[in-house]
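First comes the structure, then the notes that go with it.
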Amino acid sequence: MGKLTAVYLTAEVSPEEVALGEQIMGIIPDSVIDLVIRVAFCIVVFLVGSRIISLIRRIVRDALRRGSASEEVKQFLDSTLRFGLYTVLIFQIAIRLGVDATSIATLLGSAAVTVGLAFQGSLKNCIGGVLIMILHPFRVGDYIMESAYNNEGTVVEISVFYTKLATIDNKIILVPNGYLADTSITNVTNEENRRLEIKVGISYDSDIRAAKEILQGLAEEEERICKDRELAVYVDALGDSSVMLGMRVWTPTSDYWAVKWSLLEKIKYAFDEKGIAIPYPQMDVHVNPQKTLTGRNTVSSGGKE
């Protein structure tokens, strides 16, 4: 059966068709065929290399997770590793396409100078990202305020060039690392506890001692206030329309705003119950009836009076 099939297939291809095929192959240059083979090989190398890069990144992430590395270190190293490995992969593909390695090195050197001048901001951001990783002014999950763009939010991600912030109303802000490395940063949640200061004004006719006792009692009743830290109630200033009282307590950072809002509401209700007034700005005008002002209003129409 195999012999019959072979004879049949051989009989199907005529000598003229074989000659035509050889003629077509002779027309196509060897360089074109070689280029097609190299391109196909490079595509295969890129696909396999991408899989290997993904595997390496996964291994590194698992190793960092087992080593209890911080979230910002894992994000920064992963983005840097991805950029570096893909650069090496593209370099190897260029060599497989027949590009001389020396020429590539020379081209990269020239391109580095040009790119460095053209992308000074990006290089600055990259160096800023490295400084953030070394100095740790903030970490993923911290709430920060920066003075370069007056942005604030929770740090979601720290990449090579940008830091991603999530605002309270769930907006995402990308802040360049270069500016974060050069500007003033306030890290709100870096410490476990935070001092809360509340100031409220009372009228001059109200009893200062009674008002201070109310503030003291409300602070002591609040369970979320740190009892082992300083608790102070004091007269802060004698204003134009009110006596300004102050209260300083310490509370866990996570409870800061909840405690502040709760105390402000309780202070208002307690002052109203005890008859302690919270005045609004006002001005007293005293008129002396023994003195009167006299004068004459004139209207000029361009002539003489």
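The first residue of the sequence shown is numbered 1, and numbering continues consecutively from there. Quick note: numbers below take in every heavy atom, side chains included, and nothing from hydrogens, waters or symmetry partners. From a predicted model like this one, the values you see are computed outputs, not experimental measurements.
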Please answer: with hydrophobic residues joined when any side-chain heavy atoms are less than 4.5 Å apart, are Y234 and I267 in the same cluster?
no

Among I172, L180, I144, L174, which residue meets the side chain to side chain contact (heavy atoms under 4.5 Å, CB included) test with L165?
I144

Salt bridge (Lys or Arg N to Asp or Glu O under 4.0 Å) for D207 and K274? Distances and angles first, verdict last.
CA-CA 10 Å; D207 189 348; K274 298 297 182 179; over 6 Å; no

Show every donor-acceptor pair shorter than 3.5 Å between a side-chain atom in residues 156-164 and any protein atom, with sequence neighbours excluded, or say none if there are none.
residue : atom : partner : partner atom : Å
S159    : OG   : Y162    : N            : 3.2
S159    : OG   : Y162    : O            : 2.7
T163    : OG1  : N177    : OD1          : 2.6

Check this for me: does any side-chain nitrogen of one of R82 and D78 sit under 4.0 Å from a carboxylate oxygen of the other?
no

Has the side chain of D255 got a donor or acceptor atom that lies under 3.5 Å from a matching backbone atom of P252?
no

Does L264 belong to the same Ile/Leu/Val/Met/Phe/Trp/Tyr cluster as L231, with side-chain heavy atoms less than 4.5 Å apart forming each link?
yes

Taking the side chain as C-beta and beyond, is there a heavy-atom pair between W250 and I225 under 4.5 Å?
no

Other residues, nucleotides, ligands: >12 heavy atoms within 6.0 Å of D228 CG
yes

Closest approach of S241 and P279, non-hydrogen atoms and distance?
O-CG, 3.4 Å

Grab the two heavy atoms, one from L218 and one from A270, that are nearest each other, plus how far apart they are.
CD1-CB, 4.3 Å

Do the non-hydrogen side-chain atoms of I185 and T183 ever get within less than 4.5 Å of each other?
yes

Heavy atoms of A148 and E146 approach each other most closely as N-OE1, 2.7 Å

Are any of the side-chain heavy atoms of N150 and M145 separated by less than 4.5 Å?
no

Pairwise side-chain contact, V233 with L245, heavy-atom cut-off 4.5 Å (strictly under)
no

Taking N187 for the side chain and P137 for the main chain, is one N or O donor matched with an acceptor at less than 3.5 Å?
yes

Nearest-0.5 Å distance, CZ of residue R229 to CZ of residue R248
13.5 Å

Kindly list each side-chain donor-acceptor pair under 3.5 angstrom involving residues 39-52, sequence neighbours excluded, with atom names and distances?
residue : atom : partner : partner atom : Å
S50     : OG   : F46     : O            : 2.8

Any link between I59 and L85 through a network of hydrophobic side chains (Ile, Leu, Val, Met, Phe, Trp, Tyr) touching at under 4.5 Å?
no

In the structure I gave you, are the side-chain heavy atoms of K124 and D182 within less than 4.5 Å of one another anywhere?
yes

Mind checking the OG-NZ spacing from S242 to K199? Nearest 0.5 Å is all I need.
12.0 Å

Does anything in residues 175-201 form a ring pair (Phe, Tyr, Trp, His ring centres under 6.0 Å)? List the pairs, not counting sequence neighbours.
Y149-Y179

Between I214, I208, L215, which is the residue that forms a side chain to side chain contact (heavy atoms under 4.5 Å, CB included) with K212?
I208

Answer yes if M244 and I202 sit in the same cluster of Ile, Leu, Val, Met, Phe, Trp and Tyr residues linked by side chain heavy atoms under 4.5 Å apart, and no otherwise.
no

Report the C-alpha distance between D62 and R58 in whole Å, list the side-chain angles of each, state the deciding distance to 0.1 Å, and finish with yes or no for salt bridge (Lys or Arg N to Asp or Glu O under 4.0 Å).
CA-CA 6 Å; D62 293 339; R58 185 163 58 251; 5.4 Å; no

Working to the nearest 0.5 angstrom, can you tell me the gap between I173 CD1 and N151 CG?
4.0 Å

For I90, which fellow cluster members are found when Ile, Leu, Val, Met, Phe, Trp and Tyr are connected by side-chain heavy-atom distances below 4.5 angstrom, either directly or through intermediates?
none

For the residue pair D205 / S203, report whether a side-chain donor-acceptor contact shorter than 3.5 Å exists.
no

Taking a hydrophobic cluster as the set of Ile, Leu, Val, Met, Phe, Trp and Tyr residues connected by side-chain heavy atoms closer than 4.5 Å, whether directly or through intermediates, do Y86 and L55 fall within one such cluster?
no

Which pairs would a plain distance check flag for residues 189-196, meaning a side-chain donor or acceptor within less than 3.5 Å of a matching protein atom at least two apart in sequence or in another chain?
residue : atom : partner : partner atom : Å
T189    : OG1  : Y143    : N            : 2.8

I'd like to check the salt bridge (charged side-chain N to carboxylate O under 4.0 Å, His left out) partners of R224; sequence neighbours left out, ordered by chain and number.
E222

Counting C-beta onward and ignoring hydrogens, is there a side-chain heavy-atom pair between Y256 and V188 closer than 4.5 Å?
no

Which heavy atom of T154 sits nearest a heavy atom of G141, and at what distance?
CG2-O, 3.7 Å

Is there a side-chain contact between M247 and L263 in this structure, where contact means two heavy atoms from C-beta onward sitting under 4.5 Å apart?
yes

Examine distances only and state if a side-chain atom of S206 and a backbone atom of A277 form a donor-acceptor pair shorter than 3.5 Å.
yes

Take atom CG in L135; do more than 12 heavy atoms of anything else shown fall under 6.0 Å from it?
yes

Can you find a heavy atom in the side chain of I132 that is under 4.5 Å from one in the side chain of I134?
no

